[in-house]
Each structure stands twice: as C-alpha cells, then as structure tokens.
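I have placed the structure first, in the form of structure tokens, so that the comments after it can refer back to it.
Index from 1, following the sequence. Worth saying up front: this structure is predicted, and the values here are computed from it rather than measured.
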Amino acid sequence: PNPAAVGVAMPAVSLLTFDENNPKAVISSPRSLQACKQEGILPEELIYKPVEAFHDKNLSPRLVKLRFDFFEAKRRDLLAAARRAREHLLNETKENQNQQLAMVAQESGLSKGAILALNSDTLKLERQKLLRAQETERKWLNQALEIELKNLKDLESANEFLDSAAKDTQAYFREQSRKMKEMNDRRAAEEERKQLEMEARQKLEKQLAKEEFHRQQLEMQRKRKEEAKRLKEAHERQLKEAERKREIEREKAAKREQEHRELQARKEEMRAQDQRRMDIMAQKQEAFQEFLRERKDARDMKIYKSILANQHFEQKRRDDFEKKQQDEASREERLLQAMAEKQEENAKKSFQTLMRRKVIAEEGTKRAEDRRQAILDQQEETEYRLMEHEAKKERYLDFKRELDGLRAKNKEINVERQRRREEAEREAIADAVKKKDEKIDHLNAERQRMWELRKAAQAEAYKARECVKEEILKQRIESKFNSKKVEGKLGSLMQSDLFSAKILQSTSVPALH
C-alpha cells in the first residue's frame, strides 16, 4: 500500500542517503533541493538511468555504450557538485539562523521580516528610549504628586493639631490657626510659585525633548531617503549588470551559431572530399579492372597464339616428316628389312615427343588458369578490404557524429545549468530585498507605535496630575483632608501600563541567538 494513503510519513531522502543506482529514487530533503537549486541542477538529472534507457534501433551497441557512459559521467559530476553545495550549506552559520528564524516565524505567526525588525538593534534603542521617557515621565509625575501629597499631609496634620488644641485654648489656637493658615497660605503660595516654575521648566524640557525628537525624525527620514537612493542605485546597477550579462549571452549565442555554421560547412566540405575521394577510388578501381581485363585478354591471346604456333609447328613438322617419309619411302623400301626396327624406334620417339609437347601445352594452360584464378582471388580480397575500409570509415563517422552530438548536449546542459543557477541567485537577492523591505516597514510601524505610546504616556501623566490636583483642591475647599484616599488614587494611577515596560510585551517574540 501507498504510505501516503495510510498516513505514514516517509523520511526525507537527501543527496547522501538516496540510492544512486535506483532509477525510481526521489530526492525530497529541503536542504538537498536547495543545494540543487543553487547549483542550477534539476533533481531528475541526478537519478540513475540504466543502459536500456539509451537503446535505439538506429544506434549500434558501441554508440549506446558511449551515450550511457557520457550521461553517467555527467550525472556523477552533477551529483558531486550538489553534494559540495550541500556541505557548504551545512557549514554556514547563516543557515542555522534561517532555520531558527523560520521556526520562530511559524510559532509566532509573524513574517520573517517582522521578526527581524522586532529583534533589530534600532528597535532595541527605540525601546530603551521609550523606557527612559517612561521613567522620566513617571519620576516627574511621582515627584509632582509627592509634593502635592506632602502639602496635603501638612495641611491634614495642621488641621488635626488645631482641632486637638481648640478644646483647651480655642481663642489662642484660633489666632494660632489664623497665623498658621496665613503661614500655610504663604507656604502654599510659595509652593504654587515653585510649582509654576517647575511646570515652566518641565514645559521647556518637554519642548527641548520634542525638538530633539523632531530632529531625530528628520535625521531618520534623511537616512531613509539615502538608503532608498542607495537601494535604487544598487537596483539600477543590477539592471545594468543583467543587461550586460544578457548581451554577453547573446554574443555567446551568436558565436555558437557561427561555430555551428562553420562546423556544418566543414562537415559538408568533408563529405564533399569523401565523395570526391570515393569517386576517384571508384575510377581507379574501374581503371584497375580494365587494366586487369586487358592483361587477361592479352595473356589469353598470347596463350592462344602460342598454342596455335605450337600446333602449326607440329603440323609443319608432321608435314615435313611425312614428306620426308614419302621421299625416303623408296629408300626405306630398300632398307625396309634393315631399318624396320629403326623406324619403329623413331616412331616411338616421335610419339613420345608429341605426347611430351602435348603435356607441356596442357601444363601451360593449367598454369595460366591458376594464375588467372589467383588474380581473381586477389581482386576479390582487394574489394573486400575496400568494403571493410568503407565500413570502418562509416563507423568512425557515426562515432564522430555521436561524439559531436554529446559535446553539443554537454554545452546545452551547462548553459541551462548556468541559467538556473543565475535564476536561483536572482531569487535569493529578490527574497533578501523583500525581507529587508518588510523589515523596514515593520520597523517604521513599530517606531510609530512607540512614538504614540510616548505621547499617550505624556497625556496620561498630565491627566493624572490634574486629577490629583482636583482631588486636593476639593479637599481644601471642603476642609476635609484625607491623605490615604489621595495615596490610593496615586498608587492606582502609577500602576498604569503606560508607565511600565508591560506595554512593550504586546509585540515581543523569542530572541534570535
């Protein structure tokens, strides 16, 4: 059964663990796929192909073996390059940071740019500035409210003292109360004056802080413009570099086309030369055949003439002998008895000579026939060698064509691999630029949020001070002093999140190490 159908998770197959001799192997490890992408290699190019995959009815076993060896060597070279790239990825510390960044992004639900922005040194400085501003506002508010509370406690203690002393000497303490009240009024006026001076000083400090913040904002805007200008110039340089590379690629393509045309021209010229050489060889072969036929005819004619000359010579000798026999018939008749044995012996010798000449003629005819047969055998052997040479030449041309095709295929594979490698580099650069833009956007949003928090903290501090002052003024008007109530309100106001570091925990993420 299919493991995916039954819910069983298959382990990821990397460049080191996959079976190199399995035609059905699949590479699924993300790091291995990333290494292949960086090297411009398709994972399918690393899978083993058996010899049977290269069989073709138009190819000989030798060319099939050549094609298999070429693609197998190319596959092993690509596999070694991909494994080196994978080792390089393993050795880089940046890869570990990217993995940690991906894990944090998956856990927090934020993008990588947002996490980088939230963990940047700039935001750390902004958070520190916000915390210092919160601490300043809290100290200022605490100091102002402590002064108001101290005055209230003084008034409360004086009121209690007057109430206790009024039971014994009401008139005396009424006068003392009046003096104390005047003294308190003067002290209150003095405190009010000091408070006004403090408010003016704080207002001046706020104005200076606001101007400093505005100046920092202008400086940051200027830096952002310079950074945008620098990025634009870098982008223009990248576009020019890409245009230059495309121009180089076009020149290379034109050069390859020119080389292809020259190669085709050389091939045509070689074919024409081979055709001319074959025509010349055919003409030479025909001339040689004609020469052999002429020699054979001349030899046959010579043998025929020799036979005729021998027959004519024998006939002439026979005629001469018969004439001589006729001339000597009369003399032989006289010497018949004496020469009978001699004539018989001469006849035998003549017959032997005739038979000997006939045997010599037959042997000459046989030698001529054997020589003609040897010449025919030599001619057949020469034709067989020529045919074998033509077959070898055809096999060499097929091998050369196959080798040229494999070289062209190698160039095509290298060009496609370089194109995919450059595409992967461009994607990496685009991804980095996208992350940087996202980081800048989140950085600006976070800084704007902190600026809003600072403004809200200042407004909350002013509102809290006014609230405490209204409560103290109300108690003064009613002459019912209750410092514990003011202390409770003061504590509740100081517990606000705007005056603590809790406000920064809304966007906190795990820190990257």
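For Phe71, the ring-ring contact (aromatic ring centres under 6.0 Å, His included) partners two or more places apart in sequence, or in a different chain, are Phe54. For Glu191, the salt bridge (Lys or Arg N to Asp or Glu O under 4.0 Å) test picks out no residue, with sequence neighbours left out. Judged as a side-chain contact (heavy atoms from CB on, under 4.5 Å), and not counting sequence neighbours, the contacts of Arg256 are Lys252, Ala253, Val415. In terms of the side-chain hydrogen bond (donor to acceptor under 3.5 Å, both in side chains) criterion, residue partners of Arg372 (sequence neighbours excluded) are, by chain and number, Glu369. With sequence neighbours left out, Asp441 forms a side-chain hydrogen bond (donor to acceptor under 3.5 Å, both in side chains) with no residue at all. Remark: Glu268 engages Arg271 in a salt bridge (Lys or Arg N to Asp or Glu O under 4.0 Å) (not counting sequence neighbours). A search for side-chain hydrogen bond (donor to acceptor under 3.5 Å, both in side chains) contacts involving Glu394 returns nothing, not counting sequence neighbours. Residues passing the salt bridge (Lys or Arg N to Asp or Glu O under 4.0 Å) test with Glu199 are Arg465, Lys469, sequence neighbours excluded. Judged as a salt bridge (Lys or Arg N to Asp or Glu O under 4.0 Å), and not counting sequence neighbours, Glu52 has no contacts.
Residues Gln258 and Arg261 bring a donor and an acceptor atom of their side chains to less than 3.5 Å of each other. There is no side-chain donor-acceptor pair under 3.5 Å between Asn414 and Lys409.
Between Arg419 and Glu416 a salt bridge is recorded (basic side-chain N to carboxylate O distance below 4.0 Å). Ion pairing between Arg421 and Glu425 fails under the 4.0 Å rule for side-chain N and carboxylate O. Using a 4.0 Å cut-off between charged side-chain N and carboxylate O, Arg246 and Glu243 make a salt bridge. In this structure, Lys240 does not pair ionically with Glu247, as no charged nitrogen and carboxylate oxygen lie closer than 4.0 Å. Look at Arg75 and Glu45 and you find no salt bridge, because none of the NZ, NE, NH1 or NH2 atoms lies under 4.0 Å from a carboxylate O. Between Glu249 and Lys245, no side-chain nitrogen of the basic residue sits less than 4.0 Å from a carboxylate oxygen of the acidic one, so the salt-bridge criterion is not met. A salt bridge links Arg426 with Glu423: the closest approach of a Lys/Arg side-chain nitrogen to an acidic carboxylate oxygen falls below 4.0 angstrom. Ion pairing between a basic and an acidic side chain is recognised when a charged N comes within 4.0 Å of a carboxylate O; Glu39 and Arg420 show no such pairing.
Annotation: side chain of Glu72 is in contact with side chain of Tyr48 (closest heavy-atom distance under 4.5 Å). When side chains are defined from C-beta on, Lys223 counts as touching Glu219, because their heavy atoms get closer than 4.5 Å. Looking at Leu66 and Phe399, their side chains come closer than 4.5 Å, going by heavy atoms from C-beta outward. Looking only at side-chain heavy atoms (C-beta outward), Val13 and Ser29 stay at 4.5 Å or farther from each other. Contact check for Val51 versus Lys65: no side-chain heavy atoms found under the 4.5 Å cut-off. Between Gln216 and Gln221 the shortest side-chain heavy-atom distance does not fall below 4.5 Å. Counting only heavy atoms from C-beta outward, the side chains of Glu383 and Gln285 approach each other to under 4.5 Å. Side-chain contact between Leu406 and Glu402 is present, with heavy atoms from C-beta onward closer than 4.5 Å.
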Under 3.5 Å donor-acceptor pairs involving side-chain atoms of residues 274-282, not counting sequence neighbours:
from   : atom 1 : to     : atom 2 : distance (Å)
Asp274 : OD1    : Arg277 : NH2    : 2.1
Gln275 : NE2    : Asp279 : OD1    : 3.4

Counting only pairs under 3.5 Å, give me each side-chain donor-acceptor contact of residues 230-238, with atom names and distances, residues two or more places apart or in other chains.
from   : atom 1 : to     : atom 2 : distance (Å)
Arg230 : NE     : Glu227 : OE1    : 3.4
Arg230 : NH2    : Glu227 : OE1    : 3.2
Arg230 : NH2    : Glu227 : OE2    : 2.3

May I have the step-by-step check of side chain to side chain contact (heavy atoms under 4.5 Å, CB included) for Ser14 and Arg31, ending in yes or no? CA-CA 8 Å; Ser14 67; Arg31 186 179 291 109; over 6 Å; no
Take Arg215 and Glu212 through the test salt bridge (Lys or Arg N to Asp or Glu O under 4.0 Å) and record every step on the way to the result. CA-CA 5 Å; Arg215 185 183 64 79; Glu212 178 66 20; 2.3 Å; yes
Is there a side chain to side chain contact (heavy atoms under 4.5 Å, CB included) between Asn410 and Phe70? Walk through the geometry before answering. CA-CA 9 Å; Asn410 187 29; Phe70 168 77; 3.6 Å; yes
Would Leu42 and Arg417 satisfy side chain to side chain contact (heavy atoms under 4.5 Å, CB included), going step by step from the backbone distance to the final call? CA-CA 8 Å; Leu42 296 176; Arg417 178 188 173 192; over 6 Å; no
Can Lys229 and Lys225 be said to form a side chain to side chain contact (heavy atoms under 4.5 Å, CB included), step by step? CA-CA 6 Å; Lys229 183 178 179 182; Lys225 290 180 180 179; over 6 Å; no
Any chance you could lay out the salt bridge (Lys or Arg N to Asp or Glu O under 4.0 Å) test for Glu381 and Arg385, step after step, and finish with the verdict? CA-CA 6 Å; Glu381 184 179 358; Arg385 289 179 180 177; 2.8 Å; yes
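For residues 285-295, every residue pair satisfying the salt bridge (Lys or Arg N to Asp or Glu O under 4.0 Å) rule, not counting sequence neighbours, is listed here: Glu290-Arg293.
Once rounded to the nearest 0.5 Å, the distance linking CG of Leu78 with CD1 of Ile41 reads 4.5 Å. Between atom CG of residue Leu376 and atom CG of residue Leu292 there is a gap of 8.5 Å, rounded to the nearest 0.5 Å. For the atom pair CD of Glu262 and CD of Glu257, the computed distance is 11.0 Å after rounding to the nearest 0.5 Å.
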